[in-house]
Every structure is written in structure tokens, then in C-alpha cells.
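Both ligands and their constituent atoms are indexed starting at 1 by order of listing.
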Amino acid sequence: MTVAVDRRPRRVVLVGFGNVGRELAAILVDPSPYPGLHGLNVQVVAVTTASRGTIAMPEGVDLLAALRDIRTTGAFAAAHRVPSSTLDILASLDYDVMVELSPLSVPNRGEPAISHVRSALERGKHVVTANKGPLAWAYRPLRDLARQRGCAFLHEATVMDGAPVFSLARHCLRGTSILRLEGILNSTTNFVLDSLEKGGTVEDAVRRAQQAGFAEADPSLDLDGWDAAVKVTALANVLMDADLRPETVPRERMTHVDPARVREAPRHGRRVKIVAEAVRDGEQARARVESRELALDHPFAIARGTTSVLRITTDLLGTISLTEESPDLRTTAYGVLADLLALPA
Ligand SMILES: NC(=O)c1ccc[n+]([C@@H]2O[C@H](COP(=O)([O-])OP(=O)(O)OC[C@H]3O[C@@H](n4cnc5c(N)ncnc54)[C@H](OP(=O)(O)O)[C@@H]3O)[C@@H](O)[C@H]2O)c1
């Protein structure tokens with residue numbers, strides 16, 4: 001689907017230049033394989049990182065050179081670097097959109113990403129985030145601030161990468177109330193369960209998931225259920241107007257799931273899955289992350305490997321499901337691009 005061309009480029013600050021930031025930059029450098037991006041008119045004016053330096057150029061950062069410098073030396077070239085912190089850049093630079101691509105921090109309850117988002121919104125700048133922390137720990141105040149300042153606060157890449165979870169709810173579920181959200185939301189644990197079912201071990205499966213690039217060097221965020229708890233909290237806060245926090249969501253850890261139970265279940269026509277769920281409860285919502293034994297033809301049971309599924313139960317439309325098959329980094333970068341394309345004129 002092509003889009004109308006923006007006349008003036010959107011001046012963008014990228015906060016974070018890791019896996020997602022670099023994938024996004026590579027697409028911006030050469031969007032020609034994707035004719036649907038024809039109308040995207042973006043000029044990156046600054047890129048900030050934790051340890052590789054910060055570059056800021058009002059006339060537009062040379063993303064090709066930035067990618068090359070990171071690939072060859074691991075850092076931005078000294079000649080292009082500025083000694084400013086991310087918050088300095090967000091508070092002083094002339095830009096239109098802040099794109100938040102720094103890592104999720106559970107111990108810091110979503111910071112410093114929450115401060116990055118607040119800083120941009122306070123200056124009346126649009127925000128696009130792939131980082132779930134601001135939704136899980138500070139959604140209401142940030143949403144209200146965005147409304148007050150007349151800014152967009154978009155976050156499509158936070159849950160299920162680029163699959164249109166939030167835009168589906170925003171545009172296609174008008175008039176409904178969401179009663180229940182349930183899903184397979186964590187790739188690593190889903191991959192580990194597949195491997196256990198075939199007789200493998202958690203350690204071996206995690207090693208293979210790390211080699212394939214979708215599990216973190218420290219996989220405890222996934223195995224301890226934090227990633228799924230943060231995602232289901234983000235979904236409930238945005239889609240059910242809940243006010244949950246990940247630390248109040250009961251989590252069944254992958255390491256507490258008995259491998260023998262996982263191996264045995266198919267003999268009884270069942271499959272063990274880790275399901276994240278949020279249920280409306282009056283004006284509030286309850287959420288949890290737990291293992292369940294599901295019939296082999298259940299939509300969650302057929303989601304193998306890194307595939308994610310979300311079922312949304314509404315009062316008027318019944319239940320609909322969204323499946324994201326084998327996502328990769330480009331899928332996440334697409335979530336960010338979709339938000340950039342959705343910004344108001
Ligand atoms: N990877 C995926 O497929 C995926 C999918 C959906 C959502 N997400 C979310 O997208 C975000 C980015 O993921 P990623 O895989 O690109 O992470 P990543 O590879 O760990 O990269 C994170 C980047 O953020 C930088 N950073 C850290 N603290 C910062 C700060 N205070 N100010 C500015 N930059 C800072 C890091 O700097 P250094 O380079 O110096 O370390 C790095 O460049 C995360 O929140 C993640 O949860 C990722």
C-alpha cells in the first residue's frame with residue numbers, strides 16, 4: 001500500500017542504534033526494495049546511544065556512514081560526535097519526532113525510556129516507541145501529556161513487533177470494549193517449549209535461540225516471564241484502559257515448568273504453552289502469565305517456534321485472532337515505519 005508524500009521531511013531523533021535502530025537505518029538509507037515506502041520523507045537529525053557516542057547534524061545524519069562506522073569500529077566516528085546526553089539532545093535540538101529504541105529495563109521500571117518520552121512530549125514533539133517500558137509503567141500520564149500537547153504517542157512495535165495490534169484496535173474495533181486479551185507473546189519460551197517437547201533441554205534451546213538472534217545474552221527476562229508480563233501489562237493499559245504494573249502480574253517461570261509434562265502432553269492430545277492473559281474486571285483488569293495444556297488444534301498450540309498469536313475478545317465483535325509468523329528484525333523496523341507513516345500532518 002503506497003502513501004501520500006510528506007512535503008517537508010520529518011526531522012527524527014533516534015534514541016538507540018542497536019538491532020532495531022540499525023535495521024531501520026538500513027531501510028531508510030535504501031528504501032527502493034519497498035515501493036510502499038515511497039511517501040516516507042524522513043530526515044534523521046540525531047542518533048544517541050549508551051556507549052557508541054551521539055551524532056547530531058541539523059542538515060541530516062549520514063546514516064550510511066553511521067552504519068559503516070558502527071560495523072567497522074563499533075562506534076560513531078569521533079569527527080561527527082557531539083558531547084551531549086540523550087536528554088540534552090531531546091531538550092535542545094530542533095526535531096519533529098523522537099523514536100525510542102533503547103533497551104527495556106525491568107529493574108529501573110522502564111527508565112530512562114520514560115524520561116525520554118516525557119521530555120519529547122513536553123516540547124510538543126511526536127513520539128514513536130518500540131520500547132515497552134513507557135507503556136507498562138507510565139502509560140496514563142504519558143498518554144495524557146501527549147493529548148495535552150497535541151502530539152502523537154505511537155507504539156506499534158512494542159508488542160508482536162510490527163504486527164498491527166494497536167492500530168487494529170484503534171481503527172477497526174471502534175465501538176467495542178475489549179474483554180479479554182490472551183496470547184503467546186514470548187518467542188524464546190515458545191521456542192524452548194517446542195524443544196522440550198522433542199526431548200531437548202532448556203539450556204540447549206536457549207543456546208540455539210541466542211545463536212538465531214532472538215534470545216538475549218541474559219535470557220532471564222524471557223525465562224522468568226518478565227517479557228510476557230511487561231507485554232500483557234502494556235496491552236491491558238493501552239487497550240483496556242487498565243492501570244497495571246508488570247510486578248503485580250503473577251508469572252509462572254519457564255524454569256518451573258516440568259519438562260516431563262511438556263514431553264508427555266501430546267500423548268494425551270495436548271500441548272503445553274505459556275500464555276499471557278489480561279481480563280477485564282469491572283473498571284480494572286487482571287493479568288497473568290502461566291503454562292496451560294491446550295488441545296493440539298487450539299490456535300495457540302499451532303503457534304510453533306518464534307510465531308506469536310494474540311486473541312482479542314470483545315463485547316460486540318466476538319473473538320478475533322492475529323498471528324505473526326516467524327518475525328525478524330525487519331518486522332520490528334516495519335512497526336516503527338508504520339508509526340512514522342501514521343503521524344498527523
Ligand atoms: N529486537 C527486536 O526484535 C525487538 C522487537 C520488539 C521490540 N523491541 C524493543 O526495541 C528496543 C530496541 O531493541 P534492540 O534489539 O535494538 O536493542 P539493542 O540491540 O540492545 O539496542 C539498544 C540501543 O539503545 C542504546 N541505549 C541504551 N541506553 C541508552 C540511552 N540511555 N540513551 C540512548 N541510547 C541508549 C544502546 O546503546 P549501545 O549501542 O551503546 O549499547 C543501543 O544502541 C527495545 O526496547 C526492545 O525491547 C525489540
Tell me which protein heavy atom sits closest to [atom], plus the residue, atom name and distance to 0.1 Å.
atom                    : answer
atom 25 (C) of ligand 1 : Gly16 CA, 3.7 Å
atom 15 (O) of ligand 1 : Asn19 ND2, 3.2 Å
atom 41 (O) of ligand 1 : Ser51 OG, 4.0 Å
atom 27 (C) of ligand 1 : Pro103 CD, 3.3 Å
atom 21 (O) of ligand 1 : Gly18 CA, 3.2 Å
atom 12 (C) of ligand 1 : Leu101 O, 3.2 Å
atom 5 (C) of ligand 1  : Asp161 OD1, 3.1 Å

Atom indices of ligand 1, in the order listed, that fall short of 4.0 Å to a heavy atom of [X]:
X      : value
Pro112 : 31 (N)
Ala157 : 6 (C), 7 (C)
Leu104 : 45 (O)

Geometric N/O contact [X] with ligand 1, under 3.5 angstrom:
X      : value
Phe17  : yes
Leu329 : no
Gly21  : no
Val20  : yes
Arg52  : yes

Side chain, backbone, both or neither: which part of [X] has a heavy atom under 4.0 Å from ligand 1?
X      : result
Thr158 : neither
Pro327 : neither
Thr86  : side chain
Thr332 : side chain

Does a donor on one side chain and an acceptor on the other come within less than 3.5 Å for [X] and [Y]?
X      : Y      : value
Thr176 : Thr314 : no
Thr331 : Glu324 : no
Asn190 : Lys273 : yes
Asn131 : Thr129 : no
Glu252 : Ser291 : yes
Thr54  : Ser84  : no

Of the choices [options], which has the non-hydrogen atom that lies closest to [atom]?
atom                    : options                       : value
atom 47 (O) of ligand 1 : Arg330, Glu100, Arg22, Lys132 : Lys132
atom 35 (C) of ligand 1 : Ala50, Gly162, Ser115, Gly133 : Ala50
atom 45 (O) of ligand 1 : Ala130, Gly74, Ser102         : Ser102

Handout entry: Over 12 non-hydrogen atoms of neighbours within 6.0 angstrom of CD in Glu325
Key =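 Atom CD in Glu325 is not packed in, count stays at 12 or less.
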
Salt-bridge contact [X]-[Y] (side-chain N to carboxylate O under 4.0 Å):
X      : Y      : answer
Glu290 : Arg253 : no
Arg251 : Asp224 : no
Glu122 : Arg149 : no
Asp204 : Arg208 : yes

Practice task
State yes or no: do Leu135 and Trp226 share one hydrophobic cluster built from I, L, V, M, F, W and Y residues joined by side-chain heavy-atom distances below 4.5 Å, directly or via other members?
Solution key: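 The answer is yes; both residues are in one hydrophobic cluster.
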
Practice task
Output the distance between atom CG (Leu235) and atom NZ (Lys132), rounded to the nearest 0.5 Å.
Solution key: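 The distance works out to 10.5 Å.
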
Practice task
Look at atom 31 (N) of ligand 1 and say whether a protein heavy atom is found at less than 4.0 angstrom from it.
Solution key: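 Under 4.0 Å from atom 31 (N) of ligand 1, at least one protein heavy atom found.
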
Practice task
Classify the angle between the aromatic ring planes of His155 and Phe166 as parallel (below 30°), tilted (30 to 60°) or perpendicular (above 60°).
Solution key: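 The arrangement is perpendicular - the two ring planes meet at more than 60°.
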
